[in-house]
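Atoms within each ligand, like the ligands themselves, are counted from 1 in listed order.
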Amino acid sequence: MSAPSSKLDWLQQEADTLRSQGLYNTIRTIDSPMGAHVTIGGRDLLNFCANNYLGLANHPALRDAAKRAVDEYGIGPGAVRTIAGTMSLHVQLEDRLAAFKGVEAVITLQSGFTANLATIPALMGGTDDVIFSDELNHASIIDGSRLARAQVVRYRHNDPDDLRRVIRETPLTGRGMIITDGVFSMDGDIARLPEIADIAEETGLLLMVDDAHGEGVLGRGGRGIVDHFGLHGRVDVEIGTMSKAFGVVGGIVAGKQLIVDWLRQRARPFLFSSAMTVPDVAACLAAVDLLERSTEQVDRLWANAEFLRKGMQALGFITGVTQTPIIPVMLGEAPLAQQFSRRLFEEGVFAMAIGYPTVPQGKARIRVMNSAAHTADDLEQGLEAFAKVGRELGVIPAR
Ligand SMILES: *Cc1c(COP(=O)(O)O)cnc(C)c1O
């Protein structure tokens, strides 16, 4: 037996390996609200990292709603909803979201991640069941599928022909479901959902879309990808999050009443974990109010994204296949992307480098996240910093 003090040696080695490969994450500490600018280490930085698409993370209407609700209902839900009862606020949010999205019913969970862990195992129960999954689906879909203990068959990214092929080649004796992200977070491309919905109908498979990056972004006034494509009633389950465009936290499962009712009976993160807190729910209700009242924030987000993407392209940057406010500035190798990000930081711009294994080798990038909170000056400042660093590092031609 080795000495007790050595039982974590393996972990030290693993961490050291990550550090030596430059893959050990250092997390920045933010000393301000999450906004178009943030304060880091006493410095003001232009923020291109957050999924705070509509600038709601520090919006006065959401802050006020949260404060008022705390005075009326307190903070926490006390226990899981099936045991301690459910607060009228949570029911109200679910009803409002269902009406907003044009679905029969909604159930909320603690997060988008949990919504996947709740939904997939509740619908795909056994070893006979098969999940057809886009190869670039989010980690929470992968983990939810593992928990379901179903067979997972991956198809080529956003490729309906390959989806048809794998369905044809997979013998199915149990239930089957197709799952895709709505917006793919690293490239900003949108799932070819109309074709995928056709396939689901032709084959009788359930269809689930995780619209985390589309909620509050795509569709009329931010109603999501199903609204964007006019596919109401043709997608069985929509997963959403209130941590991105909604600026708060919380998961959404939207769809048929029968499915949502079933999740109240069988979804383990619903049955065994407490609900969203009071201020979260109240702030999300205020977000729905804002989105229903006006499309101003959503329109500004898209206008900002268009301006910034065109500006980047005019400078000579390659921005990939994006169709959404996610702008990947493609750089190639990971060390270059990291150096680019560090130099931007020195120039007052907070923008993340993303490399392998989050994206394929040789496809490292800076991912620029747009927000309705950015002003025209912010976008100019961002473009100037990218131009300066891009020329300095030889990514774009000198003037
Ligand atoms: C961000 C994201 C999630 C997780 O959402 P949270 O509410 O932050 O847990 C799930 N799925 C996809 C596709 C996402 O992009």
Close-contact set for ligand 1 against [X] heavy atoms, below 4.0 Å:
{"X": "Asp181", "answer": "13 (C)"}
{"X": "His213", "answer": "15 (O)"}
{"X": "Ala212", "answer": "2 (C), 11 (N), 12 (C), 13 (C), 14 (C), 15 (O)"}

For this session: Check whether any side-chain heavy atom of Arg367 lies under 4.5 Å from a side-chain heavy atom of Ile327, and answer yes or no.
Result: no
With a 4.5 Å limit on heavy-atom distance, are the side chains of Leu218 and Asp227 in contact?
no
What is the closest protein heavy atom to [atom], and at what distance does it sit?
{"atom": "atom 11 (N) of ligand 1", "value": "Asp210 OD2, 2.6 Å"}
{"atom": "atom 9 (O) of ligand 1", "value": "Phe113 N, 2.9 Å"}
{"atom": "atom 8 (O) of ligand 1", "value": "Ser243 OG, 3.0 Å"}
{"atom": "atom 14 (C) of ligand 1", "value": "Lys244 NZ, 2.8 Å"}

Less than 4.0 Å is my threshold; does some heavy atom of Ser140 fall inside it relative to ligand 1? yes
Problem - Met242 touching ligand 1 at heavy-atom level, < 4.0 angstrom - result: no
field: Whether Tyr53 and His213 hold their rings parallel, tilted or perpendicular, with breakpoints at 30° and 60°
entry: perpendicular
Check: Based purely on interatomic distance, does Gly250 place a nitrogen or oxygen under 3.5 Å from a nitrogen or oxygen of ligand 1?
Finding: no
Between Arg146 and Asp143 (salt bridge meaning N to carboxylate O under 4.0 Å), is one present in this structure? yes
Strictly by modelled atom types, are [X] and [Y] linked by a side-chain donor-acceptor pair under 3.5 Å?
{"X": "His37", "Y": "Asp44", "result": "yes"}
{"X": "His157", "Y": "Asp187", "result": "no"}
{"X": "Gln12", "Y": "Asp16", "result": "yes"}
{"X": "Thr375", "Y": "Asp378", "result": "yes"}

Going by the 4.0 angstrom heavy-atom rule, the piece of Ser185 near ligand 1 is neither
Min over Thr241, Asn116, Asp211 of heavy-atom distance to atom 7 (O) of ligand 1 lands on Thr241
